[in-house]
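The structure appears right after this line, and notes come after that.
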Amino acid sequence: MIAVGVGDSVHATPTTRGAQDVTTPVPPPPLLSMRGISKNFGAVEALVGVDLDVHAHEVVALVGDNGAGKSTLAKMVAGAITPDTGLIEIDGEPTVIPTPGAAHALGVATVFQDLALCDNLDVTSNLFLGREARVGPLRDDGYMEATARRVLDSLTSRIPSVRSQLSTLSAGQRQTVAIARTLIGDPRLVVLDEPTAALSVAATAEVLTHIERLREMGLGVILISHNMMDVLAVADRIVVLRHGRNNGVFDAATTSHEQILAAITGATSRRQSRMHALR
Amino acid sequence: MSRRAAAAAGSQSSLREANRQLVVETVKRYGGLTQIELADATGLSQATVSTIVRELLAAGVVDTASTTRSGRRAQMVTLARRVGLAVGVQVGHRHLRVALGDFSHEILVEQSLPLPIEHRVDTTLDRVALLVVDLLERVGASLDDVVGMGVGVPAPVDLATGMISVHGVMPGWDDVHVGQVLSKRLNLPVYVDNDANLGAIAESTLGAAREFTDSIFVRASYGVGAGIIVGGQVLRGFAGTAGEIGHFIVDPEGAECRCGARGCLDTIVGAAGLLEQLGPTPGLGNLRDVVQRTNQGDERFGDVVAHAGTTIGSVVAGLGLAVNPQVVVVGGELAETGETFLAPLRAAVLRGLLPNTIAPLDVVRAGLGLRAEMVGALVLALQSTDVPLSVEETVEETMDVGGLL
């Protein structure tokens, strides 16, 4: 069943993209577009009129201080919380993401900070947790193991065995498993919340390389991170949030570390915020 | 995989040989792993893996050491190291590559790390040091096993001082003694050189130019550079700026270059120049995108890459007239587009060179691909180190454990 879904979307994506290239020079609508998103928790203004665009083949970093609203926004994309007001569009179509299941159906996959993996299960079981492939009434273990290996290979991961128990893996390898799990449903948008926090440099190197791979595979990626070095290494654009509001959108190629820090800390205000459909 | 090998080869001994090969390749890929993991990763049975590992251990191909995995005893298998280890590091514009290798030029483990544009010298060197230690841990070795470290940087290096000899090429790196910083941190001898020179060393030692004594390595990456090998030796020049063709002036009225001049080759065919020629395009952010789109058959990208090939080729031709190489090896990211880039470059080189009757020159793609510079750093470190006289190491008797615990 899943295999059919995989084939369909792989087949569909190049055709539509090719058609657009030939017929119209107008760029395709963003994969995800959020406009005027607001959310209050009692007296706490978590998000106020936030805008966010993510295109296919693009890594958008979401940065800001603690409590700036990064994780709240990520949870909205993942369907874990719903905005009070605002518009969410996927492929230019207005939509609502009421539940995590709905997000999954829309092709959005999320890795939260706590990874949500099961220590007592092996790599394959973790990848397919809650979405086990079946043949009739039985679990299709052969298919799941083969798929697990294929997904891990596509990330050029260093996990030797898909039968290893999670508890035996290093922190970096666990992050790899969590990222690999997002690829099982063949998503179009992957949200990563602090994927390199508390990792060694070698593990960080692996995770950042995985993010580059996701981008090369044509996916949109939202990367939440505190580490400017990591963000500037892999992101195309950097969206700064401050006290639940947009405080600037920066092109990673032409922006310095200091400019972003200035926006995060409020030394510069949002006047240079420039959101446009292109890029 | 083993099943496929069996179908292809058929006989019992060739099957065993294929399985041995598979085990060695797998150990190489993961750096070090236990026998149980090895069985899972190769798809072979644990008994087969155990037998093969014992054979490979006796033949001196792998080393084993006792370790624990989730509280149980296990046999960690790594590739055997000949005499000592060396570290090869390539600091690129957008990537850091680190490899551990031994005296047989065998790479035991490698890792690359994406870097930001204009990364800072302190953060990057800190990451180099930490990454080296992490990788040593991965193969079960320590800093004491390392004899030296080679570092490649995308700038001309004065070999006498180990410092970047032209100011402004790598902002922030000008007054930092890269070799000394790393040497102090890791307590190792560190040899710093230009990345194109290292690519040239690697290609002439192990890659596409290994059969020739005179060659030029052209590195077409975020900037362009060349490494020159004459009579088997790198030609660096007095201050290490030999072969810096990226600063050959192509258009005297062109854009300003980092070096202060106008219209250098780098401003036209460097990453920034190529992206500017392509204009704002959705999903286009770096040089890798240019390579990917070209390889997917996008003609607009292909044309820009081909034109860059012609421009670089005409400059390389000038260098060729000065050096008279037997072969021009082309590496760097742009070479990953294959003949799209190479064919126009080759045509331009041959057009500008004096045809000689002794041996026609060829223009080929780097045999080591994007790893050339990193491998070159490794080779530089090994070549700069005296080989200890006692080659034989005492191998500890660890076979009795059997590996199935």
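Predicted model, so just to flag it, every value in this text is computed and none were measured. Each chain gets a letter, A, B and so on, in the order the sequences are listed, and its residues count up from 1.
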Strictly by ring pair (Phe, Tyr, Trp, His ring centres under 6.0 Å), give each pair with a member in residues 116-135 of chain B just once, sequence neighbours left out.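 Found B:H119-B:W173.
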
Go through the steps to decide whether A:T209 and B:L113 satisfy the test side-chain contact (heavy atoms from CB on, under 4.5 Å), and finish with yes or no. CA-CA 7 Å; A:T209 308; B:L113 168 73; over 6 Å; no

Given B:R94 and A:E212, is the side-chain contact (heavy atoms from CB on, under 4.5 Å) satisfied, shown in steps? CA-CA 12 Å; B:R94 297 303 307 273; A:E212 281 190 335; over 6 Å; no

Given side chains that start at C-beta, do those of [X] and [Y] come closer than 4.5 Å, heavy atoms only?
X      : Y      : value
B:L284 : A:H57  : no
A:H257 : B:E118 : no
B:Q292 : A:R215 : no

Under 4.5 Å from any heavy atom of chain B, what part of A:I159 do you find: side chain, backbone, both or neither?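 When you check distances to chain B, only backbone atoms of A:I159 fall under 4.5 Å.
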
Atom group of A:Q165 that falls short of 4.5 Å from chain B, counting heavy atoms: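 For A:Q165, neither part sits under 4.5 Å from chain B.
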
Non-hydrogen contacts under 4.5 angstrom with chain A: give the residues of residues 124-131 of chain B involved, or none if there are none.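 Listed by number, the contacting residues are B:T124, B:R127, B:L130, B:L131.
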
Specify the closest pair of heavy atoms between [X] and [Y], including all atoms of both residues, with the distance to one decimal.
X      : Y      : value
A:A205 : B:P114 : O-CD, 4.2 Å
A:L232 : B:P116 : CB-CB, 3.4 Å
B:D40  : A:S161 : OD2-OG, 2.6 Å

Taking heavy atoms only and a threshold strictly under 4.5 Å, list by residue number the residues of residues 223-230 of chain A that touch chain B; give 'none' if the list is empty.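 Near chain B, by residue number: A:N227, A:M229, A:D230.
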
Inspect the surroundings of [atom1] in [X] and state if more than 12 heavy atoms from other residues, nucleotides or ligands are less than 6.0 Å away.
X      : atom1 : value
B:E276 : CD    : no
B:E299 : CD    : no
B:E256 : CD    : yes

Could you have a look at B:D289, B:T123, B:L275 and say which one has the most heavy-atom pairs with chain A under 4.5 angstrom?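 Highest number of heavy-atom pairs under 4.5 Å: B:D289.
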
Using 0.5 Å steps for rounding, measure from the [atom1] atom of [X] to the [atom2] atom of [Y].
X      : Y      : atom1 : atom2 : value
A:S200 : B:R138 : OG    : CZ    : 8.0 Å
A:S164 : B:L33  : OG    : CG    : 9.5 Å
A:T168 : B:E37  : OG1   : CD    : 6.5 Å

What residue in A:A202, A:P160, A:S170, A:A203 has the most heavy-atom pairs under 4.5 Å with chain B?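 That would be A:P160.
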
Could you tell me whether B:R293 and A:E216 have a side-chain N and a carboxylate O separated by less than 4.0 Å?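 Answer for the salt bridge query: no.
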
Side chain to side chain donor-acceptor pair (under 3.5 Å) against A:D153, all qualifying residues, sequence neighbours excluded: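 Counting only residues at least two positions away or on another chain, A:D153 forms a side chain to side chain donor-acceptor pair (under 3.5 Å) with B:R29.
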
Quick one: what part of B:L115 sits under 4.5 Å from any heavy atom of chain A, side chain, backbone, both or neither?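 For B:L115, backbone and side chain are both near chain A.
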
